Amino acid sequence: MRRRKDGTHLDASLTISPIRDAAGRVIGASKVARDITERRQAERALSEQARLLDLSNDAIFVRDGGDHVTYWNKAATELYGFTREEAMGRVTHELLQTEFPTQLGMINEQLRRDERWSGELVHTRKDGTKVIVVSRWVLDRKADGKALRILETNSDITHQKRTEKALRESEERFRAIVETTPECVKLVSVAGTLLHMNSPGLTMVGARSAEEVVGKSVYDLIAPEDRDRFKAFNESICRGGQGSLQFEIVGLDGKRRHMETHAAPLRNPDETLVHLAITADISERKHAEELLRTSEERFRALVTASSDVVYRMSPDWSEMRELDGRGFIADTGKPTRDWLNQYIHPDDQPLILRTIREAVRTKSVFEHEHHVRRMDGTLGWMYSRAVPLLNISGEILEWFGAASDVTARKEAEDNFRKLARTLDAEVRARTRELEEQSNRVRQLSRRLLRSQDEERRHIARELHDSVGQTLTVLDINLELFMQEAGYKSSDVPSKIEEIQKTVQQLHREIRTTSYLLHPPLLDESGLYSAISLYLQGLRERSGLEVRFEISEQFGRLPSELELVIFRLVQESLTNIHRHSESKTASIRIDRESNQIALDIRDQGKGMSSERMAEIQSGRSGVGIAGMRERLRQFEGTMNIESDSSGTRIFATIPLPKSASPEDQSNTEPSRVSVQSVMNTVLIVRVPSAEDHDLARGG
């Protein structure tokens, strides 16, 4: 530093250079002094500016025309984590991985045009985290107008942005809650102007859109009788109070609703208070309360008018809280714990306590019928029923019950039981008498059927042995007489021949009648031969096709049982001919280990429902009744099925223990082939009415 002549100081730089001769030897020195005062002042000013920029809270750096960093302040290091040495000479957009709101070319174009630009950028710190900044760029040009450098100042607004986002999300959630809540949410000014109302609220007041009510007086929606109360309530809320109110509104559609509102003040940015309220439509609740009140009044009236006993018990029945005895038992106006001994007979107490414990355990209805001490000291009967009243947690609050005097009914039941026992004894005695009479009737019926069969057998034998032989002798005598008369006159033989044919016809009819009365083969050879011969006889006189099937190992049965089966077959075929109009029929007889099964079918028109009802009720004709009676003697059963496709008779007869299929002492003769008959279709002539009467035993 040097001092000028005028006394001021200056900064100078001194340069000393050696002076050499021709031989290169130093022979002296030259001194040159330069005034660098202005440069020093500029450097000091620049250093002062850098010190001031380092004091800034904003990140400041300078970029040259190629976007390389030429200056980097302390705040930039603190914000981004890069030191001045790490940042100097680097391209800022590459260093900070800048995310621009628009294309960088458009930003630079605006910067060249306006010499400044500002906007929000996203930078990446050295540690990889993101930071949002408000960036301001200023362009400093040279004197020739070419760009010299760009001053960039970045203010960190990351926290502000996050706060704004959180606030925005909170407001969106609040709006969503307000719009989705089923209650009405509204804002009302101190003057009563409706500032806001959500969608459920608009529905409640009958508005199709917010424009119909928002900005207008809310008092117009309040029912006239509640308007002054609501106005005073609104003003108190806008003065800082809070509370609730019930009132009625008259909607735009003219419909009245009962509302309940809960309100609190809400402070605006300008410090004014408005009325914020959540209002629910409680019309249904009020209606339910009214119904409940009416129901309670009716219940109290019913209890007063009823003759039943009404009582209330503690949850565990240890205490009777109330009892209205209605004159039947003594009333109690205060709780009592001695109710069990006071009202219940000792014999009934254990069972009542067990019933109570079970009802308390299961929280179910208590029901019991028991003795009770009446007001006059006598014992009566009471039917008691109680239900548990539960709280919201399902715990029993108390029991409410009612009891009826059933003394008269119990006495009537006791008398009825006594009468029933007497009647039962009389009925049993009468039943025994009827059973004895029924047994006697069955025995008589059995004897009658047996006598009828014996008489048929006797008549058949007499017709066959006596009348048949007489007709045979008569036929032979006519033959001899015709031979002798033939020599004397030509007319006599022809007349005798006609008489002879008549005698032969009579002989055949007597033989048929004898067989129908009682088939002799049934006693001699058994069911197979008797039924086969019977069908062969029918084949000569009818067009009915009958298929007869019987097992080869069928064997013999007791004679009475064989006769029953034969009569069943005979009666069934008679009914098929007379009523079914069927051209075919089938008979199948099976011998099982413990029973005989008889199956007879036709393909006729079937029986009407009325006829089937008569048969099922036992009001059938003599033939079916006789069949059932014959089966009853052997404990057999018979079922009849019939429809449009035909009729089926199915009978089963238990085998006597003495009957055995191995007993072949009276089996068919060896010359008779059972298998040859099993699948043979027999064609028989329809018998006359007289034949069927005889065949049915009539």
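These numbers come from a predicted model, not from an experiment. Values reported hereafter were calculated over all heavy atoms of this structure, with side chains retained and with hydrogens, waters and symmetry mates removed.
Note on R321 versus E398: salt bridge recorded, some NZ/NE/NH1/NH2 to OD/OE distance being below 4.0 Å. Between D228 and K231 there is no salt bridge, since no side-chain N of the basic residue sits under 4.0 Å from a carboxylate O of the acidic one. Salt-bridge check for R267 with E271: passed, with a basic side-chain N closer than 4.0 Å to an acidic carboxylate O. Under 4.0 Å is where a charged nitrogen must lie from a carboxylate oxygen, and between E152 and R136 no such pair does. Ion pairing between a basic and an acidic side chain is recognised when a charged N comes within 4.0 Å of a carboxylate O; R257 and E284 show no such pairing. The pair K216-D220 does not count as a salt bridge, with every side-chain nitrogen at least 4.0 angstrom from each carboxylate oxygen. The residues R417 and E411 are annotated as not salt-bridged, no charged nitrogen and carboxylate oxygen being separated by less than 4.0 angstrom.
In this structure, I344 and H370 approach most closely via the heavy-atom pair CD1-CE1, 3.4 Å. In this structure, E212 and R208 approach most closely via the heavy-atom pair OE2-N, 2.8 Å. For the residue pair W317 and W339, the shortest heavy atom distance occurs at O-NE1, 3.1 Å. Considering every non-hydrogen atom in both P182 and P200, the closest pair reads O-CB, 3.6 Å. The two residues L194 and V188 make their nearest non-hydrogen contact at CD1-CG2, 4.1 Å. The two residues P388 and S364 have their closest heavy-atom pair at CD-O, 3.9 Å.
Of the possible polar contacts, none joining the S135 side chain to the E120 backbone as a donor-acceptor pair under 3.5 Å is found. Q110 places no side-chain N or O within 3.5 Å of a backbone atom of I107 that could act as its donor or acceptor partner. In this structure, D226 contributes its side chain and E248 its backbone to a donor-acceptor pair below 3.5 Å. Judged purely by atom type and a 3.5 angstrom limit, T407 has no side-chain atom pairing as donor or acceptor with the backbone of G380. Formation of a donor-acceptor pair under 3.5 Å by the D338 side chain with backbone atoms of Q342 is not found in this model. Without hydrogens or angle criteria, T647 side chain to D643 main chain gives no donor-acceptor distance under 3.5 Å. Within the 3.5 Å criterion, the main-chain N or O of H159 finds a donor-acceptor partner in the side chain of T163. In this structure, D114 contributes its side chain and R116 its backbone to no donor-acceptor pair below 3.5 Å. Side-chain atoms of R421 never come within 3.5 Å of backbone atoms of F416 as a donor-acceptor pair (strictly under, hydrogens ignored). Side chain of R373 to main chain of Y343: no donor-acceptor pair is present (N/O by atom type, distance under 3.5 Å, no hydrogens or angles).
The side-chain heavy atoms of C238 and E235, taken from C-beta on, include no pair separated by under 4.5 Å. With contacts defined as side-chain heavy-atom distances shorter than 4.5 Å, the pair V185/L276 qualifies. Side-chain contact between L340 and L353 is present, with heavy atoms from C-beta onward closer than 4.5 Å. Residues K363 and E395 meet the side-chain proximity criterion, which asks for heavy atoms closer than 4.5 Å. Inter-residue side-chain proximity for F400 and V310 is flagged as met; some heavy-atom pair is nearer than 4.5 Å. Looking at L187 and H275, their side chains never come closer than 4.5 Å, going by heavy atoms from C-beta outward. Two residues are said to be in side-chain contact when any heavy atoms from C-beta on lie closer than 4.5 Å; I640 and R648 fail this criterion. For the pair L252 and L221, the minimum side-chain heavy-atom distance is below 4.5 Å.
The aromatic rings of W381 and H371 are tilted relative to each other, their planes meeting at an angle between 30° and 60°. Ring geometry, F366 versus H368: the interplanar angle falls from 30° to 60°, so the pair is classed tilted.
Atom-to-atom distance recorded for I249:CD1 and D281:CG is 7.0 Å, nearest 0.5 angstrom.
With hydrogens and angles left out, the side-chain atoms of T83 and T77 include no donor and acceptor closer than 3.5 Å. Between the side chains of S118 and W137, no donor-acceptor pair is found at a separation under 3.5 Å. In this model, a donor atom of one side chain and an acceptor atom of the other lie less than 3.5 Å apart for Y311 and S384. Looking at T153 and D58, their side chains never bring a donor and an acceptor atom within 3.5 Å of each other.
Remark: D270 pairs with T272 by the side-chain hydrogen bond (donor to acceptor under 3.5 Å, both in side chains) rule, at least two apart or across chains.
Around CD of E109, the count of heavy atoms belonging to other residues, nucleotides or ligands within 6.0 Å does not exceed 12. Surrounding CD of E358 are more than 12 heavy atoms belonging to other residues, nucleotides or ligands, all under 6.0 Å away. The number of heavy atoms from other shown groups lying within 6.0 Å of CD1 (I282) is above 12. Counting heavy-atom neighbours within 6.0 Å of R256 CZ, excluding the residue itself, gives a total above 12. Heavy atoms of other residues, nucleotides or ligands lying less than 6.0 angstrom from CZ of R229 number more than 12. Counting heavy-atom neighbours within 6.0 Å of E225 CD, excluding the residue itself, gives a total above 12. Summarising the local packing, NE2 of H262 is surrounded by more than 12 heavy atoms from other residues, nucleotides or ligands at distances under 6.0 Å.
Under the ring-ring contact (aromatic ring centres under 6.0 Å, His included) criterion, the residue pairs touching residues 209-232 are F230-F247, with sequence neighbours excluded.
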Legend entry - Worked check of side chain to side chain donor-acceptor pair (under 3.5 Å) between N198 and E183: CA-CA 9 Å; N198 65 346; E183 288 82 15; over 6 Å; no
Inset, instruction - Apply the test side-chain contact (heavy atoms from CB on, under 4.5 Å) to residues L389 and W399: give CA-CA distance (whole Å), side-chain angles for both, the deciding distance (0.1 Å), then the verdict. - result: CA-CA 6 Å; L389 304 180; W399 293 80; over 6 Å; no
Inset, instruction - Any chance you could lay out the side-chain contact (heavy atoms from CB on, under 4.5 Å) test for V274 and N268, step after step, and finish with the verdict? - result: CA-CA 7 Å; V274 294; N268 287 326; 3.4 Å; yes
Inset, instruction - Could you please spell out the steps behind the side-chain contact (heavy atoms from CB on, under 4.5 Å) verdict for N154 and F61? - result: CA-CA 9 Å; N154 294 325; F61 47 85; 3.5 Å; yes
Inset, instruction - Determine, step by step, whether E369 and R409 satisfy the salt bridge (Lys or Arg N to Asp or Glu O under 4.0 Å) criterion, reporting the C-alpha distance in whole Å, the side-chain angles of both residues, the deciding distance to 0.1 Å, and the verdict. - result: CA-CA 12 Å; E369 201 169 75; R409 176 174 64 80; 2.3 Å; yes
Inset, instruction - Apply salt bridge (Lys or Arg N to Asp or Glu O under 4.0 Å) to the pair K410 and D414, showing each step before the final yes or no. - result: CA-CA 6 Å; K410 295 293 289 186; D414 186 55; over 6 Å; no
Inset, instruction - Decide yes or no on side chain to side chain donor-acceptor pair (under 3.5 Å) for D316 and S314, but give the supporting numbers first. - result: CA-CA 6 Å; D316 60 354; S314 62; 3.0 Å; yes
Inset, instruction - Apply side-chain contact (heavy atoms from CB on, under 4.5 Å) to K186 and T261, showing your working. - result: CA-CA 10 Å; K186 62 180 182 292; T261 187; 3.8 Å; yes
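Screening N57, T158, V131 against L79 for a side-chain contact (heavy atoms from CB on, under 4.5 Å) leaves a single residue, V131.
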Would you list the atom pairs, donor with acceptor, under 3.5 Å between side chains in residues 90-101 and any protein atom, with sequence neighbours excluded?
| from | atom 1 | to | atom 2 | distance (Å) |
| --- | --- | --- | --- | --- |
| T98 | OG1 | H123 | NE2 | 3.3 |
| E99 | OE2 | K130 | NZ | 2.9 |

